[in-house]
Amino acid sequence: MKFVRRDIISMKDFSREEIDYILKKAEALEPFARGKRSNLLAGKILATLFYEPSTRTRLSFETAMKRLSGDVIGIVIPEASSVAKGETLADTLRVIEGYADAIVLRHSREGAARMAAEISDIPIINAGDGAGHHPTQTLLDLYTIRREGHLENLSIALIGDLKYGRTVHSLAYALSLYGAEINLVSPEQLRIPPDIKNDLKKRGANVVETTKLSDVISDIDVLYVTRIQKERFPDPSEYQKVTGTYRISTEMLQDVKDDMIIMHPLPKADEIDKDVDYTKHARYFKQAFYGVPVRMAVLYHILGDAR
Ligand code: NCD
């Protein structure tokens, strides 16, 4: 398995063996995510380049690097639109590759990470490219499913904004490798893009589309909730039509499987009632923690010296 100096752009580029390899390493590194000392990445520098807001992704990458004794440099540029010119990003990348060993990039434009990887001599890790992909989120989602439930014979519902949500795009591709039953629950306007649906079908994925969560809620092992991606809507009135469509409440959990888990990439807006946080089903805060061992594993494989 070769990961050294590899770009991590899309889940489409991963085989099941490669995913399992990373998840296994993440499990081995979990004690270090909890504070055990390690020098695995001493002397390595990670650059975080975020042109869009982030809390968990950036901080868990930084934590992962620091817990393994690596260093982090970075810039956060909230005014994405004014700097999102292709050439400016290209110049920035050329400068940073002289400072760091890898770059974690979040950008509002779909395809930005792929373009960055073509320009940059050091590895690019896609931390979200517009409504495109978010592969390391998927790796931590799979890790959470494995640690808190099971990946085999999995029935999962992805609910919310399946059109603009990059976390569900990446996750759906990966789940197709595990033979999962994938229930896509969304309003008509926010269905998964047709090209992704076609890809999933070509990969032999078991996909069911519905607008009603009640159709599937009692049969699933995982409920993966997403935020309506307000910032991606070209027209605010279209957002108004769909906001609040789904809101998970404790009443809706009456007939679910005893060990069903609820996940969310976070941040959540109003799609999950606060009371749900205190049920035995909620796993989203734990899921956010698992970002650390998983990103440790990714960084270790990319930055490690041909191990
Ligand atoms: C997600 C993202 O940025 O795509 N957040 C994350 O990385 N955990 C989800 C979202 O913003 O809704």
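Ligands are counted one by one from 1 in listed order, and the atoms in each one are counted from 1 as well. Note that the coordinates shown come from a computational prediction; the quantities given were computed from them, not determined experimentally. All values below were derived from every heavy atom in this structure, side-chain atoms included, with hydrogens, water molecules and symmetry-related copies excluded.
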Review point. His133 and Glu110: side-chain donor and acceptor closer than 3.5 Å?
Key: no
Exercise for review: Could you name the protein residues that come within less than 4.0 Å of ligand 1, counting only heavy atoms, and order them by chain and residue number?
Suggested key: Thr57, Arg106, His134, Gln137, Arg166, Thr167, Arg227, Gln229, Pro265, Leu266, Pro267
Check your understanding: Does the ring center of Phe233 lie less than 6.0 Å from the ring center of Tyr164?
Key -> yes
Exercise for review: Count the heavy atoms of every other residue, nucleotide or ligand shown that sit under 6.0 Å from CG of Asp255, and state whether that count exceeds 12.
Suggested key: no
Check your understanding: Crowded around Phe285 CZ? As in, over 12 foreign heavy atoms under 6.0 Å?
Key -> yes
Exercise for review: Identify, with sequence neighbours excluded, every residue that meets side chain to side chain donor-acceptor pair (under 3.5 Å) alongside Asp221.
Suggested key: Lys257
Review point. Are any side-chain N or O atoms of Arg106 and backbone N or O atoms of Ala127, one a donor and one an acceptor, separated by less than 3.5 Å?
Key: yes
